[in-house]
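Below: one structure, written as structure tokens.
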Amino acid sequence: MTPKEHENNKEDKDDEVVLDSEHMKRYINGEIWDFEDEIMAVSDDVLLGLDGGTTSTVCICMPCIPFSHSQLHSLPILSKTVAGCSNHNSVGEIAARETLEQVMADALSKCGSKRSSVRAICLAVSGVNHPTDQQRILSWLRDIFPSHVRLYVRNDAVAALASGTIGKLHGCVLIAGTGTIAYGFTEDGKEARAAGAGPVLGDWGSGYGIAAQALSAVIKAHDGRGPNTMLTSSILQKLGLSSAEELIGWTYADPSWARIAALVPVVVSCAEDGDEVANKILLESVQELASSVKAVVERLGLCGQDGKDAFPLVMVGGVLEANRRWDIGTKVINYLSKDFPRVLPIRPKVEPAVGAAWLAWNFFMKEEFHKEA
């Protein structure tokens, strides 16, 4: 559809969605949508992209206008809002839903839009690991938004991949923040994942995994079951504690994943200062992260039969940030390059929520194209 055709059809579409919105249901916190009553004029079409993780949830609102894919990166951001954790495995389903609904309402309110103007939503959330997770969230979204809104629910790794490929689902993404996951797609739509099962099942290589091993090393050193380590004094100083015994109470007072993972910079600092225990923890995390990527790449054949085909590897998350001497991300690439010499590392210039918005645009435009054809 051309921009002119889009404008000509806009009035008819708006008439349809206004009627539909009169019968729209509201979720538990219906009052968060009260701002819509103050928006009198019909706003332009928009789409929403959400990146929901264990640490934070970000929602991006962009205009939904016809563009060529090569120009997609120039779509402006109309608004951005941030909220807390939306991983239902971490905070529970009710709290996760409330966070997601609030961050979407805030994004629309901030740019003067309302639900009747939304054309598509891509909600990419950590903890979406099975079709039943997708269906549960889709059913809940249907109670909030008009029936014309196209809804897409994926794991947050998919948005992270899209942030490095301008909305195309091809290649592999490695996320290493509070949690970790490797996720890949082939050009014909096959997909595979590795890790991402949460800390109980061994999310090693993640921020939580690194920090948890560091805490364990401190306790072992205190007990005499492990070597002395600089981690003891550094972590106790960081937390304002005076002994390793107090560390036990601190850990279980609030064992939230993000709170534990926040200790990663301490571990990196100790490794940079030559602490062998900290260095070993980080080296093992590199191996774990690289093995997750390798598993996905080999299952999907992204590297070709001889292992020498080029493929993009999008790298996202605080653990992988290239701003330290002990650079975990670079070491992961060096490790992978031994098996995949043509791996193409990409550190996105936009955040995953923008990738989710680009996915919403791609999904929506593809469906519109097929509908018109």
Side-chain angles (χ1 to χ4, degrees), residues 52-57 82-96 98-99 126-127 175-181 195-289 317-321 323-329 331:
T54 306
T55 303
S56 64
T57 302
V82 182
C85 174
S86 56
N87 183 325
H88 65 91
N89 292 324
S90 179
V91 297
E93 192 159 332
I94 292 177
E98 289 178 349
T99 296
S126 63
I175 297 179
T178 299
T180 183
I181 188 171
V200 175
L201 298 177
D203 230 355
W204 308 126
S206 68
Y208 179 94
I210 291 170
Q213 288 183 79
L215 292 173
S216 179
V218 171
I219 297 301
K220 286 182 177 180
H222 173 73
D223 291 346
R225 295 180 292 121
N228 290 327
T229 169
M230 194 185 299
L231 289 168
T232 299
S233 59
S234 296
I235 289 178
L236 293 180
Q237 181 180 3
K238 172 70 174 178
L239 301 179
L241 304 177
S242 58
S243 69
E245 287 94 340
E246 292 181 26
L247 187 60
I248 298 173
W250 178 89
T251 301
Y252 292 106
D254 177 12
S256 65
W257 303 348
R259 179 171 175 261
I260 302 295
L263 293 173
V264 168
V266 179
V267 184
V268 173
S269 178
C270 288
E272 290 177 343
D273 289 339
D275 185 78
E276 292 184 5
V277 174
N279 192 66
K280 182 181 178 182
I281 290 172
L282 295 184
L283 283 174
E284 289 176 351
S285 76
V286 168
Q287 294 171 357
E288 289 287 346
L289 294 170
V319 171
L320 301 173
E321 288 178 359
N323 58 357
R324 304 183 179 99
R325 284 178 292 157
W326 216 114
D327 189 336
I328 295 175
K331 291 185 186 298

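Only a predicted model underlies this, so the values are computations on that prediction, with no experimental measurement involved. Residues take their numbers from the sequence shown, with the count starting at 1.
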Considering only heavy atoms from C-beta outward, does the side chain of [X] approach that of [Y] to under 4.5 Å?
| X | Y | value |
| --- | --- | --- |
| E276 | K280 | no |
| L239 | L263 | yes |
| K331 | W326 | yes |
| W257 | N87 | yes |
| E288 | D203 | no |

field: Flag for T178-T55: side-chain donor and acceptor within less than 3.5 Å
entry: yes
query: For residues D275 and T229, is any side-chain donor paired with an opposing acceptor at under 3.5 Å?
result: yes
task: Quick one: closest heavy-atom pair of A221 and P227, and the distance?
output: CB-O, 3.3 Å
- prompt: Crowded around Q237 CD? As in, over 12 foreign heavy atoms under 6.0 Å?
  reply: no
- prompt: Would you find more than 12 non-hydrogen atoms of other residues, nucleotides or ligands less than 6.0 Å from K220 atom NZ?
  reply: no
Roughly how far apart are [X] [atom1] and [Y] [atom2], rounded to 0.5 Å?
| X | Y | atom1 | atom2 | answer |
| --- | --- | --- | --- | --- |
| S269 | M230 | OG | CE | 8.0 Å |
| I328 | L283 | CD1 | CG | 9.5 Å |
| I210 | L215 | CD1 | CG | 12.0 Å |

message: Treating S285 as the side-chain partner and L282 as the backbone partner, does any N or O pair qualify as donor plus acceptor under 3.5 Å?
response: yes
task: Look at the side chain of T180 and the backbone N and O of I175, then say whether any donor-acceptor pair between them is shorter than 3.5 Å.
output: yes
